[in-house]
Amino acid sequence: MNNSVLNSITIGQLRRVYGIDSPNDDFIISSDKENKTLEMFHHPCRVDAIVLGVCTQGRVRISINLEECEVTEGMMMVNLPENIIQVHHTSEDFKGHIIVISASFLREIRIDLRNTIPVFMQIKRQPIIHLTEDKMDTLQKFFVLLHECIADKTSNHRTEIAQGLISALIYKCSDQLDLLALEREPVKSRRELFFMQFMELLTRYHKQHRNVGFYAEQLHITPKYMSSMIKEISGRSTAEWIDEYVILEAKTLLKYSGMNIQQIAYHLNFSTQSFFGKYFKQHTGMSPSQYKTR
């Protein structure tokens with residue numbers, strides 16, 4: 001895969017590159033037995049899907065949005081599509097499962113992580129979750145059934161059975177971990193809907209647009225109203241959200257791409273390399289070159 005620019009990769013691309021058996025491009029089920037579970041994420045990337053991983057033995061060191069953390073036995077990781085994920089190291093005794101699920105499939109089974117803003121914010125803040133032994137045993141049973149289903153190529157209903165098991169797995173996670181709050185009515189607050197739309201726009205356009213006015217115009221509201229609304233809902237200003245996404249993109253490109261600083265500046269739609277340098281130093285306390293070589 002070309003990692004000079006960090007674009008989102010799809011489930012279909014992962015299937016083709018790593019030769020993973022799956023009935024369609026809606027989901028991938030992988031485990032340590034296939035020796036491909038973590039190979040998919042050795043390079044920093046965005047995956048255009050929800051990634052749910054469970055560690056059943058050993059440990060794995062990963063980064064989510066450049067923040068390193070260690071996932072050990074009894075932990076579950078939930079990664080959102082806008083995040084940059086990378087696997088740095090796995091212990092020799094590592095065992096675990098990963099399921100990659102497309103957003104379209106989640107919508108089909110009426111699950112949308114953005115439907116409940118507290119849930120979205122919770123996963124953004126804490127993507128690693130400790131599981132009790134009982135909860136881990138339950139998830140293990142689902143994964144065993146899913147692997148058996150995928151392996152049974154004689155079944156005429158392999159896709160439908162797998163989709164049903166994935167649906168049940170996600171609902172079980174929501175029931176046990178209280179993450180998705182599926183029993184609640186979908187959010188109807190006008191302000192909360194604007195926030196969700198803003199986050200979707202930010203994920204799509206942060207590399208081209210840093211002006212609050214652009215996002216307000218897309219939502220057909222004033223920048224002032226938008227700023228107060230975002231601050232009230234999330235505790236952070238619109239500008240802070242924009243800066244976080246831009247700086248994360250810049251840091252990742254500086255560390256992992258083959259682009260020089262001028263190319264990165266233009267890629268992120270800065271008029272000059274100097275302007276990019278001042279912006280980066282203002283938000284990180286160091287110049288792009290210092291960050292790149294540290």
Side-chain angles (χ1 to χ4, degrees), residues 1-14 16-18 38-49 51 61-69 79-89 124 127 197-219 223 226-227 230-231 234 236-294:
M1 264 176 223
N2 181 3
N3 290 290
S4 61
V5 177
L6 286 168
N7 293 319
S8 293
I9 55 178
T10 66
I11 292 178
Q13 289 171 324
L14 289 174
R16 290 190 292 273
V17 171
Y18 296 103
L38 301 176
E39 183 183 346
M40 296 183 288
F41 308 109
H42 279 175
H43 297 286
C45 63
R46 286 190 178 94
V47 183
D48 191 18
V51 180
R61 184 163 51 86
I62 67 172
S63 288
I64 295 178
N65 290 341
L66 303 186
E67 294 291 329
E68 286 197 22
C69 54
N79 188 67
L80 300 171
E82 60 262 33
N83 291 343
I84 296 170
I85 184 172
Q86 182 181 18
V87 172
H88 299 286
H89 174 75
K124 287 286 284 185
Q197 291 168 357
F198 165 68
M199 295 304 294
E200 291 170 359
L201 288 168
L202 184 58
T203 300
R204 188 185 313 168
Y205 293 115
H206 68 273
K207 287 180 280 188
Q208 294 84 36
H209 298 283
R210 297 181 301 279
N211 191 298
V212 174
F214 168 81
Y215 297 96
E217 182 179 352
Q218 298 299 307
L219 295 174
M226 178 177 179
S227 296
I230 297 298
K231 182 75 171 180
S234 69
R236 304 172 64 186
S237 69
T238 307
E240 286 173 331
W241 278 109
I242 295 171
D243 290 337
E244 177 187 313
Y245 273 57
V246 174
I247 290 298
L248 173 62
E249 193 78 28
K251 284 181 174 179
T252 307
L253 293 171
L254 286 165
K255 279 291 185 184
Y256 300 108
S257 78
M259 302 167 72
N260 60 39
I261 295 174
Q262 184 177 45
Q263 289 171 325
I264 292 172
Y266 291 152
H267 177 71
L268 295 177
N269 202 29
F270 286 86
S271 55
T272 66
Q273 180 178 333
S274 175
F275 182 30
F276 169 64
K278 290 177 182 177
Y279 177 89
F280 190 87
K281 188 167 186 177
Q282 176 187 349
H283 293 285
T284 66
M286 64 185 77
S287 69
S289 59
Q290 287 173 326
Y291 183 83
K292 189 178 180 71
T293 58
R294 72 171 187 171

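Rounding to the nearest 0.5 angstrom, the gap separating the OG1 atom in Thr252 from the CG atom in Asn65 is 7.5 Å. For the atom pair Cys45 SG and Gln86 CD, the distance stands at 8.5 Å (nearest 0.5 Å). In this structure, CD1 on Ile264 lies 9.5 Å from CD on Gln273, to the nearest 0.5 angstrom. With values rounded to the nearest 0.5 angstrom, Lys251 atom NZ is found 6.5 Å from Leu66 atom CG. Rounding to the nearest 0.5 Å places CD1 of Ile261 at 15.0 Å from NE2 of His267.
Considering only heavy atoms from C-beta on, Pro44 stays 4.5 Å or farther from Ile85 through its side chain. Ile84 has its side chain within reach of Leu248: a pair of non-hydrogen atoms, C-beta onward, lies under 4.5 Å apart. Contact of the His43 side chain with the Tyr256 side chain is not registered, since no non-hydrogen atoms from C-beta on lie closer than 4.5 Å. For the pair Ser287 and Phe280, the minimum side-chain heavy-atom distance is 4.5 Å or more. In this structure the side chain of Ile247 never reaches within 4.5 angstrom of the side chain of Tyr291, judged on heavy atoms. Using a 4.5 Å cut-off on side-chain heavy atoms (C-beta onward), Arg61 and Glu68 make contact. With a 4.5 Å cut-off on side-chain heavy atoms, Gln218 and Phe198 do not count as touching. Proximity of Phe214 to Leu201: side-chain heavy atoms (C-beta onward) are nowhere separated by under 4.5 Å.
Closest heavy-atom contact between Val246 and Leu268: O-CD1, 4.3 Å. The minimum heavy-atom distance linking Lys255 with Lys292 is given by the pair NZ-O, 4.1 Å. Shortest non-hydrogen contact noted between Tyr266 and Ser271 is CE2-O, 3.5 Å. In plain terms, the two heavy atoms of Thr238 and Ser227 that are nearest each other are OG1-CA, 3.5 Å. For His209 against Ile242, the heavy-atom pair with the smallest separation is O-CG2, 4.3 Å.
Remark: Arg210 fails to qualify as a cation-pi partner of Tyr205 under the 6.0 Å distance and 45° angle criteria applied to the six-membered ring.
Taking Glu244 as the reference, Arg236 meet the salt bridge (charged side-chain N to carboxylate O under 4.0 Å, His left out) condition, with sequence neighbours excluded.
Between Arg46 and Glu82 there is no salt bridge, since none of the side-chain N atoms of the basic residue sits less than 4.0 Å from a carboxylate O of the acidic one.
Open room surrounds NZ on Lys278; 12 or fewer heavy atoms of other groups in view lie less than 6.0 Å from it. Atom CD of Gln290 has more than 12 heavy atoms from other residues, nucleotides or ligands within 6.0 Å. More than 12 heavy atoms of other residues, nucleotides or ligands shown are found within 6.0 angstrom of CD on Glu240.
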Check your understanding: What's the verdict on side chain to side chain contact (heavy atoms under 4.5 Å, CB included) for Met199 and Tyr215, showing C-alpha distance, side-chain angles and the deciding distance?
Key -> CA-CA 10 Å; Met199 295 304 294; Tyr215 297 96; over 6 Å; no
request  = Report the C-alpha separation of Ile230 and Ser237 in whole Å, then their side-chain angles, then the decisive distance to 0.1 Å, and conclude whether the side chain to side chain contact (heavy atoms under 4.5 Å, CB included) test is met.
outcome  = CA-CA 6 Å; Ile230 297 298; Ser237 69; over 6 Å; no
Exercise for the section: Would you check, one step at a time, whether the test side chain to side chain contact (heavy atoms under 4.5 Å, CB included) holds for Leu219 with Met226? Expected result: CA-CA 9 Å; Leu219 295 174; Met226 178 177 179; 4.2 Å; yes
So Val51 and Phe41, side chain to side chain contact (heavy atoms under 4.5 Å, CB included) or not? Walk me through it.
CA-CA 11 Å; Val51 180; Phe41 308 109; 4.2 Å; yes
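Between the side chains of Ser274 and Thr272, no donor-acceptor pair of N or O atoms lies under 3.5 Å. A side-chain donor from one of Glu249 and His206 sits under 3.5 Å from a side-chain acceptor of the other.
Looking only at distances, a side-chain donor or acceptor of Asn211 sits under 3.5 Å from a matching main-chain atom of Gly213. Between the side chain of Gln263 and the backbone N or O of Asn260, at least one donor-acceptor pair lies under 3.5 Å.
Below 30°, between 30° and 60°, or above 60°: for Tyr279 and Phe275 the angle between ring planes is above 60°, a perpendicular geometry.
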